[in-house]
Structures are given as structure tokens and as C-alpha cells.
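Quick caveat: nothing in here was measured; it's all calculated off a predicted structure. No hydrogens, no waters, no symmetry mates; every other heavy atom, side chains included, goes into these values.
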Amino acid sequence: MRLNWPRLMISGTNLAKDTYAVLLRKLRPKKTLSCLFVALSLTLTSESYGASTRPNILLVVADDMGWADLGSFGSEIRTPNLDALAASGLTMSHFRVAPTCSPTRSMLLTGVDNHLAGLGTMAEKQTPNQLDSVNYGAELHGGVVTVAEALAERGYYTVMAGKWHLAVSEEQYPHNRGFDKSFTLLQGGASHFGDRLPLHKDNGVDYLENGDPVELAADFYSSISYTDKVIQYLDDVDTAQPFFAYVAYTAPHDPLQVPNEWRNRYSGVYDQGPEIVRNERSARQRELGLIPGGAQQWSPPIFPSWLPIGRETWELRTAEERARDIRPMEIYASMVELLDQQIGRILAHLESRGQLENTYVIFMSDNGANASTPLLYPHNTRDWLLNNRDQAVENMGLPGSHTYQGSEWAAASNTPFRLYKAMVAEGGIRVPFIVSGPDVVRGRRSPVAAHAMDVTPTLLELAGIDTHRSRLYKEKLLPQGRSLLKAWRGDEAALGRTLGMELFGNAAVIQDQWKALNIKAPLGSGSWELYDLARDPGETSDLSAQHPDLLQSLLAEYAQYAKHSGVIPPNLPMLPSAEVLYAGPCNWWCQIQFDVLDSLLAFRISMAEDG
């Protein structure tokens, strides 16, 4: 019997099984061994074909990028590649994450709530009552499976480049958590150049490649070098093998830095000041249908100008003050555009290899924009920062500088939402999300409530992995998120959903359009508040007094979430000094003002806790 091999290879598993049955009926018994050999060959061929047609996955994560920082989300920043990705795919306008980076990444890569995955808090943020809990170990643990581990077992080639921030011990480094090849920064951030300057004075800056320490090239720049690495890794394998590539950029996380030729690309764009930029972004968001027409945008608090943390209105600031205040946003915008350019490089490379058509491309940020100064980082002092990091306006963005966005521009990046990174308000947890790929609807926006925990279950479904049958998940925590494939394919059916979250003692619960949250003073009231996000996405009007029964229902949901997730609220207040809001020079009078302000804040917190 002559076999038509090309035809069988194209036909796949069912034809292979059918052909095996025909052979058993037609061949003589003495040829049973030959028959079994043929059947085995057909089975292996069909499995090989199945591997070659499983989709590739490119997961790209930006660091500290606000919801409003892409053109497709209302920004003036030039992001042509991500805007094109949105036009060819789907944007999810209600995608939420944890308020800070490593808790988000733990959920993103496991599908498990950050507390249960080991990131109930971040390293160096544990309070004494949290230290003995695996939930608060500040790293992944062996009780969870990463999506890289699951995909690798399924035959995927798994690579990553960029920030890890999920390990204290070597057992949790990326090369031990499922990645075939990895080039990673272990810490949460550092200089974007090759000088390896840390975020704070006692922090390390450890770059590893496949688990081994590496030196950085003289021309290293994070966004470009991470892109170079992931392209190199993709070139190291045949296009027939499906891949999972995780690119975890550190841009636009502070220090805000770009190559010198990029520093002046946004000169003059922000001369009108942050309030005008917020208003213009908000207007574009209304035109795009991202927010309701009558919705109010949140306005950041205004401190009296006589305080060190206070500012005059934009019109009353001197030309020198405006120049200093504008420059960080110019650098930030350049970082975002450069990041977009590098993502475009990856997409173009995949297209040149004939892989883009069969690749799901996912882009998101890990949390909202950051309003804090470098003084918020552990162990940093004002004197250390001013003596060791160049703060001169003319050198902002260069190696050795530590420029930061600040609260005014972070509010613009998070338009129209309330507050910033580290807060459970929408400004901290709602981020841009774009996906494009096979069967993804084109040029659409989905209002489906989605979460970082949903990404792993979605990718597992794409790869045909059943966690209930996989040996990897035996006696391990199963993903808690839900697959987003139906939403990606255009199904916008409203599904009831309740999401709980907690970080640093601040808590929230979201059920459909309603959100209850409790943010400690001074940035919050210290009491539970209630918001209708469908009408008020900026969280400007507390409805707790109007809907007390609804609030109590949501609080019951939160209590259930906290119990199931093993939430341990910190037994010490997570309250830094007001000094962290101002990183400039501070004389004796300035210090007295901060001492008085800290005393007033402590009194307010005490009153709030006493009811």
C-alpha cells in the first residue's frame, strides 16, 4: 500500500486515526507490526503539525505607564505602532491590575491573586505581622505555576527580556520558572543606561542572562537592548516551533532617561502646563468614547504655595520654574515614543519571519503613572539624592540624572482617573490594554471587565492546556482568572464579576459598575467610599450615603475575598513623611514645615481611625 505522506501531514490528527483504522481492517495480521509503525508515524506527524499551528504569543508590558499615555487612549504622545496595533485589534478599556509592579506581574504570569502567589506586598514593605506568611514573602513560591512553565511543557519556546521583580531567592529567577532563555533585571528598576545606578542607595542592580551575571554593553539603553535580546532569542529557533515571548520593559519608570538624540523631541509640547494637557486628553477621550460625555475628571489636590510641596498656579510660575516643571514630561513622552518604536521593531521582525500573522500580540502597563519622588524608595535621603544624582534641568534625561514625573504630570498620564500608582483608586489600577492576533476582532473596543489574572488562563486556552489534567498543576494553585478569548473574538456579553484587591492596607472591591474602596489618609478618607464607575470613572462623587445597603453588600464581598486570599493588613501604618513629595533642597525652615505637616497628618489619621 502506497502512502500519500504530504496529504496525511496536512490532514491532521483525525485523518491519521481514520487511516490507522483502515489499515487494521485491510492489512493481513502478519503485518500488524508494520501497521503499528505506520500508525505511530502518522500520530507523530499530526502532533508535529499541531505544534506548528499553535499560535505564537508576544506579551509586552510597560512600566508605570498611565491609561492616557497612548494616542489611542487620548494622548498627544506619538505612538504609531501601538495605535496601529489597536486599529488592527481590540482595546480593553476596563482592564485592571494591582497598584504596583511586582504584585501585578505575579498575577499576570500565574493567573493567581497576588497574595496567594506570594506577592501580598513588595520586598522591604513587609510589616512584622506579615513576615511569617508565604503570602507576603515578596516573591513567587513553588505552589504556583507560571505561564512560561505551562507553555514550555506544551512545546513552546519561552523567552523573556526585561524586568523580573518576582524573586528574592534564586529558585524563583526566570530561568528556574519556565523560560528557555532570559535576559533580566532582577530588581524593580535602575538607570536605563549601562552605568547600573540603582533606584536607592542600598539596592542592587543585577542583570542575568539565563541565570548568569552579565556585564552591560557601553551603549546599553533598556528599551533598545531588551528589544535586541528578544529579537536575538527569536532568531535562535526555527519558525515551526511556537514561541512565548515576554518583553517586560522598564520604561517609562523613573529615572526618566533617554538617549541624547531623543531628549528634545517634545520641546514646546507641554509649555501650556499639566492642567491644559489633562483637559485636552479628557476631551479626546470623550470624542473616542472612552469615557462618558458628562463624566468629571478627577483633579489632583492643590497645596498652598508657601509649603515646600506647594506650587503656584501655572500662570504665576516664573519662566525658570516652568522650564524645570516642563522638562520631566518632555523626557517622559520621549521614553514612551521610543518604547513604541522598539515594539514596532519586534513586530516588523516577526513579519519578516512570516510569524506575525499567527502571533497574538498583547500590550499593557503594570500599573498607573507614578506621582512620587525618589525619596519614597527605601533608604533614600535628600542629601544622598542631591549629592549622587544630577538634578540640573539641562542634564535631565542623561546618564547620572534621576528625573521623575511628579504628581502634576502623573495626573495627566492617568486622565481622567483619581490618584496614582500604589493606590487602589482607578488611577493606580486601570491601565491601557491592546491585543491583536488570529480571530481577534479588528478596530473594536471592549467594555468587558478584565484583570491581570485573566491573561494566563487566556494563553493556556490558546495553547490547548487543561489545568485540571496537567501534571504541572497537580497539588498547585489553579488560575483564578477567566479566559478572555470570547471577548477578544467580539463577544461583549455582560458577565457578572466581582474583583477584590488590597495593597499596603488600602482595599477595594468592584462589582460590575460599582466600586467600594478604602484608602488611608492622607490621600484618602480612611473610610469606605462608593462610586458608580459607569457615570463617574474619575471617582469624584462618593455615593456611600445614598446607597448604604449596596455598600454593605460590597463590603461582605470584600470580606470574603480577603479571607480566601489570606489578606493580612499591615499592623503598622504605611505612612511615609510628607517630605517624600518634595525632593529639592530643604533648609531649616523647610524642615520645620514638614515636621508640622507630618504632625497634622498623623493627627488626621488618628481621628479617622477613631471613627
Side-chain angles (χ1 to χ4, degrees), residues 64-77 79 91-97 99 252 269-303 311 313-315 325-326 328-329 332-333 336 365 367-372 405-433 445 447 449 506 508 510 513-517 519 522-525 529-544 546 581:
D64 289 5
M65 178 185 287
W67 191 73
D69 280 330
L70 301 180
S72 55
F73 282 76
S75 178
E76 71 292 331
I77 300 174
T79 53
T91 58
M92 303 197 80
S93 56
H94 291 68
F95 190 92
R96 294 183 176 89
V97 294
V269 173
Y270 298 104
D271 288 358
Q272 70 271 42
E275 184 175 1
I276 297 299
V277 172
R278 282 195 302 117
N279 292 339
E280 291 178 347
R281 288 190 177 192
S282 181
R284 285 192 289 269
Q285 288 168 349
R286 289 182 175 87
E287 292 174 3
L288 292 169
L290 285 163
I291 60 175
Q296 296 294 312
Q297 67 178 7
W298 175 75
S299 295
I302 299 175
F303 297 99
R311 308 291 290 142
T313 61
W314 192 254
E315 294 75 16
D325 294 341
I326 289 167
M329 190 59 192
Y332 180 93
V336 172
S365 178
N367 46 249
N370 184 13
S372 68
Q405 193 176 18
S407 60
E408 291 182 310
W409 291 115
S413 286
N414 292 337
T415 304
F417 301 134
R418 176 188 180 193
L419 293 175
Y420 325 94
K421 174 184 178 178
M423 296 290 113
V424 293
E426 292 295 281
I429 64 172
R430 205 187 304 193
V431 297
F433 185 96
R445 183 181 303 115
N506 299 313
I510 302 170
Q513 72 192 65
W514 294 99
K515 179 178 180 181
L517 79 167
I519 298 176
L523 293 180
S525 65
E529 303 165 357
L530 178 67
Y531 296 96
D532 180 354
L533 297 180
R535 296 180 174 85
D536 181 26
E539 298 171 343
T540 63
S541 180
D542 178 14
L543 302 178
S544 56
Q546 290 93 318
L581 300 176

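Formation of a donor-acceptor pair under 3.5 Å by the R286 side chain with backbone atoms of A295 is found in this model. Although no hydrogens or angles enter the test, the distance criterion places a donor-acceptor pair under 3.5 Å between the side chain of N414 and the main chain of A369. Under a 3.5 Å cut-off, the side chain of R430 and the backbone N or O of P537 do not form any donor-acceptor pair. Using a distance-only test at 3.5 Å, with no hydrogens or angles considered, no donor-acceptor pair links the side chain of R278 to the main chain of A412. Under the 3.5 Å distance criterion, the side-chain polar atoms of S413 are left unmatched by any main-chain donor or acceptor of G66. Judged by distance alone, with hydrogens and angles left aside, the side-chain atoms of R281 form no donor-acceptor pair with the main-chain N or O of E76 at under 3.5 Å. Remark: the backbone N or O of D64 is not paired with any side-chain donor or acceptor of N370 at under 3.5 angstrom.
D532 meets the salt bridge (Lys or Arg N to Asp or Glu O under 4.0 Å) test with R535; sequence neighbours excluded.
Nearest heavy-atom pair across R284 and G74 is NE-O, 2.7 Å. The two residues P99 and N367 come nearest to each other via the heavy atoms O-CB, 3.3 Å. A411 and Y420 make their closest contact through N-CE2, 3.8 Å (heavy atoms, listed as atom of the first residue, atom of the second, distance).
Here CG of D536 is found 7.0 Å from CG of L543. Values are rounded to the nearest 0.5 Å. We find the CG-CG distance between L523 and N506 to be 8.5 Å, quoted to the nearest 0.5 Å. Once rounded to the nearest 0.5 Å, the distance linking NE2 of H94 with CG of L533 reads 7.5 Å. One finds the CD atom of Q296 at 9.5 Å from the CD1 atom of I291 (value rounded to the nearest 0.5 Å). For the atom pair OH of Y270 and CD1 of I77, the computed distance is 4.0 Å after rounding to the nearest 0.5 Å. A distance of 12.5 Å separates CD1 in I276 from CG in D271, rounded to the nearest 0.5 Å.
The local environment of CD in Q513 is crowded, with over 12 non-hydrogen atoms from other residues, nucleotides or ligands closer than 6.0 Å.
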field: Verdict with reasoning, R418 to T540, per side chain to side chain contact (heavy atoms under 4.5 Å, CB included)
entry: CA-CA 8 Å; R418 176 188 180 193; T540 63; over 6 Å; no
query: For L517 and I429, what are the C-alpha separation, side-chain angles and deciding distance, and is it a side chain to side chain contact (heavy atoms under 4.5 Å, CB included)?
result: CA-CA 12 Å; L517 79 167; I429 64 172; over 6 Å; no
field: Worked check of side chain to side chain contact (heavy atoms under 4.5 Å, CB included) between E408 and E275
entry: CA-CA 8 Å; E408 291 182 310; E275 184 175 1; over 6 Å; no
query: Does the pair E529 and K515 meet the rule for a salt bridge (Lys or Arg N to Asp or Glu O under 4.0 Å), with working shown?
result: CA-CA 8 Å; E529 303 165 357; K515 179 178 180 181; over 6 Å; no
Pair R445-L290, side chain to side chain contact (heavy atoms under 4.5 Å, CB included): steps then yes or no: CA-CA 9 Å; R445 183 181 303 115; L290 285 163; 3.3 Å; yes
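In this model, no donor atom of one side chain and acceptor atom of the other lie less than 3.5 Å apart for S75 and D69. T415 and Q285 share no donor-acceptor pair across their side chains, judged by distance under 3.5 Å alone.
Ring centers of W409 and Y332: at least 6.0 Å apart, outside the cut-off.
Partner of F417 under the ring pair (Phe, Tyr, Trp, His ring centres under 6.0 Å) criterion, out of Y531, W67, F73, W298: W67 alone.
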